[in-house]
Amino acid sequence: MKSKRYAKVNSVNCVACGECVKFCPLGAIHIEKGIFAAINSEICVGCGKCSQNCPANAIGFEQREFN
């Protein structure tokens, strides 16, 4: 099995500022209902640009295994 790293938002810490949206090179992030960022894990490649630019430190990473 292979694994893929992708970004995941901690919605409790997220302030929906939109900085992550600006820095995502693939457009995998949007602000959900004006409350928190949501990341499409099917598009995300785990580059880390969103996490590096998040002022609330609300973005971490997870691994997903696939065939």
Side-chain angles (χ1 to χ4, degrees):
M1 285 199 148
K2 297 178 185 178
S3 69
K4 176 186 175 188
R5 178 177 112 138
Y6 67 95
K8 182 158 182 159
V9 175
N10 177 335
S11 59
V12 173
N13 294 343
C14 181
V15 296
C17 68
E19 286 299 305
C20 56
V21 175
K22 292 180 198 174
F23 286 95
C24 180
L26 298 175
I29 308 172
H30 68 279
I31 302 299
E32 186 76 27
K33 301 177 185 175
I35 301 171
F36 59 87
I39 300 173
N40 183 333
S41 64
E42 297 298 318
I43 298 173
C44 177
V45 295
C47 71
K49 291 181 181 177
C50 57
S51 178
Q52 292 168 358
N53 291 286
C54 177
N57 294 316
I59 303 175
F61 294 91
E62 289 192 1
Q63 295 285 119
R64 179 179 55 230
E65 296 194 6
F66 61 96
N67 292 329

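Keep in mind the model is a prediction, meaning the values are calculated, not measured.
Across all their heavy atoms, F36 and S11 have their closest contact at CG-CB, 3.8 Å. For A7 against C44, the heavy-atom pair with the smallest separation is N-SG, 3.3 Å. Considering all non-hydrogen atoms of both residues, G34 and A16 come closest at O-CB, 3.8 Å. When all heavy atoms of A28 and C24 are compared, the closest pair comes out as N-SG, 3.2 Å. For the pair V45 and K4, the tightest heavy-atom approach, listed with the atom from each and the gap, is CA-CE, 4.4 Å. In plain terms, the two heavy atoms of S41 and Y6 that are nearest each other are CB-CD1, 3.5 Å.
Among residues at least two apart or in separate chains, there is no side-chain hydrogen bond (donor to acceptor under 3.5 Å, both in side chains) pair with a member in residues 45-61. The side-chain hydrogen bond (donor to acceptor under 3.5 Å, both in side chains) pairs that include a residue from residues 17-38 are E19-K22, H30-E32, where partners are two or more places apart or lie in different chains.
For the atom pair C20 SG and I31 CD1, the distance stands at 5.0 Å (nearest 0.5 Å). The CD1 atom of I29 lies 5.0 Å from the CD1 atom of I59; values are rounded to the nearest 0.5 Å. Once rounded to the nearest 0.5 Å, the distance linking CG of N13 with SG of C54 reads 8.5 Å.
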